[in-house]
Amino acid sequence: MTKPAAPPTLFERIIAREIPAEIVYEDEGYIAIKDIAPKAPVHLLVIPKTLSTRLDEISDAATLGQLYLTAIKVARQHLEDYRLVVNVGKGGGQEVFHTHIHVLGGWEGGSPVGFGA
Ligand code: 5GP
């Protein structure tokens with residue numbers, strides 16, 4: 001028996017333009033949006049269009065590398081210095097189970113202490 005298809009993730013729905021978002025970057029493989037509840041003056045989410053639920057599901061170095069290269073490219077379009085954060089799994093603070101990298105920055109006088117996104 002075939003498994004019923006999983007419902008689309010929030011980010012798949014944003015990629016499909018079913019849910020509005022402020023898109024700051026898009027190419028064939030990735031989209032970057034402004035976080036709806038920013039935890040820093042600049043808070044972007046870099047999202048691969050191919051679904052994996054969490055970062056450690058990606059086992060291919062090229063795919064993982066391209067995701068990080070894209071996050072760096074997007075970050076550098078908005079910020080000189082920045083923090084990249086990935087929450088992995090519920091216990092790691094992940095709420096949306098579609099792999100994404102947080103780009104955070106723009107703090108007055110540098111980043112606050114701590115690593116929470
Ligand atoms: P996670 O906790 O999974 O690492 O991060 C999910 C992020 O998605 C959170 O920072 C949250 O504010 C953001 N988010 C949740 N819903 C929406 C939405 O509908 N639109 C946008 N742009 N961001 C969202």
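Start at 1 and go down the list; that is how both ligands and their atoms are numbered.
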Show which atoms of ligand 1 fall inside a sub-4.0 Å distance from at least one heavy-atom site of [X].
X     : result
Val96 : 3 (O), 6 (C)
Ala37 : 12 (O)
Leu10 : 15 (C), 16 (N), 17 (C), 18 (C), 19 (O)

Checking Tyr82 now: which residues fulfil side-chain hydrogen bond (donor to acceptor under 3.5 Å, both in side chains) with it, not counting sequence neighbours?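 So Tyr82 forms no side-chain hydrogen bond (donor to acceptor under 3.5 Å, both in side chains) with any residue.
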Minimum heavy-atom separation for Leu45 and His43, please, with both atom names.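 Taking every non-hydrogen atom into account, CD2-NE2, 4.0 Å.
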Please report the shortest heavy-atom distance between Ser111 and Arg83, naming the atom on each side. OG-NH2, 2.9 Å
Tell me which protein heavy atom sits closest to atom 6 (C) of ligand 1, plus the residue, atom name and distance to 0.1 Å.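 Protein heavy atom at minimum distance: His100 NE2, 3.5 Å.
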How close does the nearest protein non-hydrogen atom get to atom 22 (N) of ligand 1, and which residue and atom is it?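 Scanning the protein heavy atoms, the shortest distance from atom 22 (N) of ligand 1 goes to Lys34 O, 2.9 Å.
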If you measure every N or O of [X] against every N or O of ligand 1, does any of those distances drop under 3.5 Å?
X     : answer
Gly93 : yes
Leu45 : no
Asp35 : yes

Within one Ile-Leu-Val-Met-Phe-Trp-Tyr cluster: Ile23 and Ile19, side-chain cutoff 4.5 Å: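 Yes, because Ile23 and Ile19 connect within a single hydrophobic cluster, where side-chain heavy atoms sit under 4.5 Å apart.
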Heavy-atom nearest neighbour of atom 23 (N) of ligand 1 within options Asn87, Thr99, Ile36, Leu44: Ile36
Any Ile33 heavy atom less than 4.0 Å from ligand 1: yes
Would you please determine whether Glu22 falls within less than 4.0 Å of ligand 1 on a heavy-atom basis?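 Judged by the 4.0 Å heavy-atom criterion, Glu22 does not count as contacting ligand 1.
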In residues 63-80, what donor-acceptor pairs under 3.5 Å come from side-chain atoms, sequence neighbours left out?
| residue | atom | partner | partner atom | Å |
| --- | --- | --- | --- | --- |
| Thr63 | OG1 | Asp60 | OD2 | 2.4 |
| Thr70 | OG1 | Gln66 | O | 2.8 |
| Lys73 | NZ | Tyr25 | OH | 3.0 |

Does a side-chain N-to-carboxylate-O contact under 4.0 Å join Lys49 and Glu26? yes
Would you please test His100 and His102 for ring-ring contact (aromatic ring centres under 6.0 Å, His included) and show each step? CA-CA 7 Å; His100 54 282; His102 296 256; 5.1 Å; yes
If only side-chain N and O atoms count, and only distance matters, is there a donor-acceptor pair under 3.5 Å linking Arg54 with Thr99?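 Short answer, no.
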